[in-house]
Amino acid sequence: MKKLASLKQLVNRRQLLFSGLALAVLSPRAVLAEESRISVSNQRHSPAKKNHSGKFIVMLDPGHGGIDSGAVGEEGSMEKHVVLEIANNVRQLLSNHPHIDARLTRDSDHFIPLYQRVEIAAQHGASLFMSIHADGYTDPSARGASVFALSNRGASSAMARYLSDRENAADAVGGVKVQQKDQYLQQILFDLVQTDTIKNSLTLGKHVLDTIRPVHHLHSQHTEQAAFAVLKSPSIPSVLVETSFITNPSEEKLLGTAAFRRKIAGAISDGIVNFYNEQQRRNRRVS
């Protein structure tokens with residue numbers, strides 16, 4: 001009877017996984033949002049929506065927001081404001097593409113828990129998820145853009161580990177408690193589904209780096225990996241883009257200009273379009 005109960009539990013968890021509730025159910029750091037006063041264990045989530053529009057839906061996620069300002073520059077620039085403007089620019093540029101529909105997880109200055117950002121993408125039937133940031137570091141000389149994908153096997157560098165720890169702590173600012181559940185089983189199921197998603201995320205990351213390279217200094221020449229909570233969708237290619245370091249005085253000034261925000265947004269949107277084109281070529285070869 002114990003074996004039967006375990007099997008039923010496995011099936012139920014697998015069904016939940018495919019419904020798109022990656023972080024809320026499967027992450028070792030599933031979160032409960034006090035701000036919304038909703039307990040994850042009591043929520044009734046609807047399955048991830050299928051995309052019937054025929055368009056390639058891009059979910060842009062401006063990091064932080066509301067009571068979570070994100071990193072703050074020497075002159076007082078707040079990450080949450082800068083990245084919202086960049087994300088809006090990216091959405092505007094992508095709106096010119098006939099087959100791409102770009103949407104935002106937030107279009108105003110309000111706080112969204114990390115797991116809800118993942119769920120928003122799933123509920124929109126997103127084909128791609130991109131979290132946009134302008135983070136900070138302990139050394140003000142750190143500069144340049146970086147792109148990160150998920151890793152289930154540890155961070156690819158000390159910087160990747162630092163930034164993922166920093167981003168994953170964002171929920172604490174919003175009063176979010178953390179719960180751990182059956183880590184061993186969760187990791188087995190999560191790895192089973194997500195291997196291909198991470199592969200596609202790394203491809204997306206390469207395209208974005210290739211288009212940023214000509215217009216801005218790169219902090220890392222390849223897509224880094226770490227356990228970013230916001231990238232833990234089991235089926236949606238997801239990356240986190242650090243557009244610059246807002247704690248670097250010269251880059252804080254750059255981020256404060258509309259010209260640079262448009263330029264970096266243009267590079268990001270070009271990278272997304274290149275990824276879309278590659279996906280279309282792959283689909284044609286398969287069919």
Side-chain angles (χ1 to χ4, degrees), residues 11-33 35-36 38-65 87 90-91 94 100-107 110-132 148-152 167-168 170-171 174 176 178-179 181 186-187 189-205 227-241 272 275-276 279:
V11 171
N12 289 337
R13 289 182 181 278
R14 187 180 295 277
Q15 289 171 341
L16 284 169
L17 184 144
F18 280 101
S19 72
L21 310 183
L23 184 58
V25 179
L26 298 176
S27 169
R29 304 186 68 185
V31 294
L32 300 176
E35 179 174 288
S36 58
I38 298 176
S39 168
V40 173
S41 60
N42 292 329
Q43 287 185 36
R44 293 295 179 265
H45 301 276
S46 56
K49 289 183 180 177
K50 289 184 178 180
N51 178 9
H52 297 295
S53 70
K55 288 198 172 186
F56 188 84
I57 297 176
V58 173
M59 184 58 63
L60 302 169
D61 174 47
H64 309 283
V90 175
R91 179 175 62 171
L94 290 175
I100 295 178
D101 180 5
R103 306 173 185 181
L104 300 180
T105 55
R106 68 176 181 95
D107 56 9
H110 66 277
F111 174 78
I112 305 176
L114 297 176
Y115 83 91
Q116 284 188 5
R117 295 170 189 259
V118 178
E119 284 193 356
I120 288 169
Q123 294 305 311
H124 280 259
S127 312
L128 178 158
F129 177 90
M130 178 180 288
S131 195
I132 299 176
F148 298 86
L150 182 68
S151 170
N152 287 332
E167 294 300 343
N168 291 349
D171 277 347
V176 177
V178 174
Q179 247 188 9
K181 296 182 180 181
Q186 291 162 9
Q187 200 61 44
L189 291 175
F190 205 70
D191 287 347
L192 184 66
V193 173
Q194 206 165 45
T195 302
D196 193 54
T197 303
I198 292 176
K199 183 181 176 182
N200 286 327
S201 299
L202 290 169
T203 301
L204 169 61
F228 287 91
V230 77
L231 301 182
K232 290 188 174 181
S233 169
S235 57
I236 305 170
S238 304
V239 296
L240 184 146
V241 179
I272 291 172
F275 176 75
Y276 165 78
Q279 295 294 98

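All residue numbers refer to positions in the sequence shown, counting from 1.
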Take Ile120 and Gln123 through the test side-chain contact (heavy atoms from CB on, under 4.5 Å) and record every step on the way to the result.
CA-CA 5 Å; Ile120 288 169; Gln123 294 305 311; 5.9 Å; no

Heavy-atom closest pair (Ala126 atom, Ile236 atom, distance to 0.1 Å) is O-CG1, 3.7 Å

Short side-chain to backbone donor-acceptor contact, Arg106 and Pro62, under 3.5 Å
yes

Side chain to side chain donor-acceptor pair (under 3.5 Å) with Thr105: which residues, sequence neighbours excluded?
Asp61

Nearest 0.5 angstrom please: Leu104 CG to Ile132 CD1, how far?
8.0 Å

Mark yes or no for whether Arg103, through its side chain, and Ala121, through its backbone, hold a donor-acceptor pair below 3.5 Å.
no

Would you compute the distance between atom CD of Gln279 and atom CG of Leu204 and round it to the nearest 0.5 angstrom?
8.5 Å

Tell me, do Val230 and Phe129 make a side-chain contact under 4.5 Å, heavy atoms counted?
yes

Between Thr197 (side chain) and Pro234 (backbone), is there a donor-acceptor pair under 3.5 Å?
yes

Nearest 0.5 angstrom please: Gln116 CD to Phe111 CZ, how far?
8.5 Å

Are the side chain of Asn200 and the backbone of Pro237 linked by a donor-acceptor contact shorter than 3.5 Å?
no

Look at the side chain of Ser127 and the backbone N and O of Ile57, then say whether any donor-acceptor pair between them is shorter than 3.5 Å.
yes

Atom CG of Leu60 and atom CD1 of Ile272: how far apart are they, to the nearest 0.5 Å?
5.5 Å

Non-neighbouring partners of Ser151 that pass side chain to side chain contact (heavy atoms under 4.5 Å, CB included), sequence neighbours left out
Arg153, Gln225

Pairwise distance NE2(His64) to OG(Ser131) - rounded to 0.5 angstrom:
7.5 Å

Excluding sequence neighbours, so at least two apart, what forms side chain to side chain donor-acceptor pair (under 3.5 Å) with Arg91?
Asn88

Which residues share a ring pair (Phe, Tyr, Trp, His ring centres under 6.0 Å) with Phe228, sequence neighbours left out
Phe148

Can you tell me how far CG of Leu114 sits from CG of Leu231, rounded to the nearest 0.5 angstrom?
10.0 Å

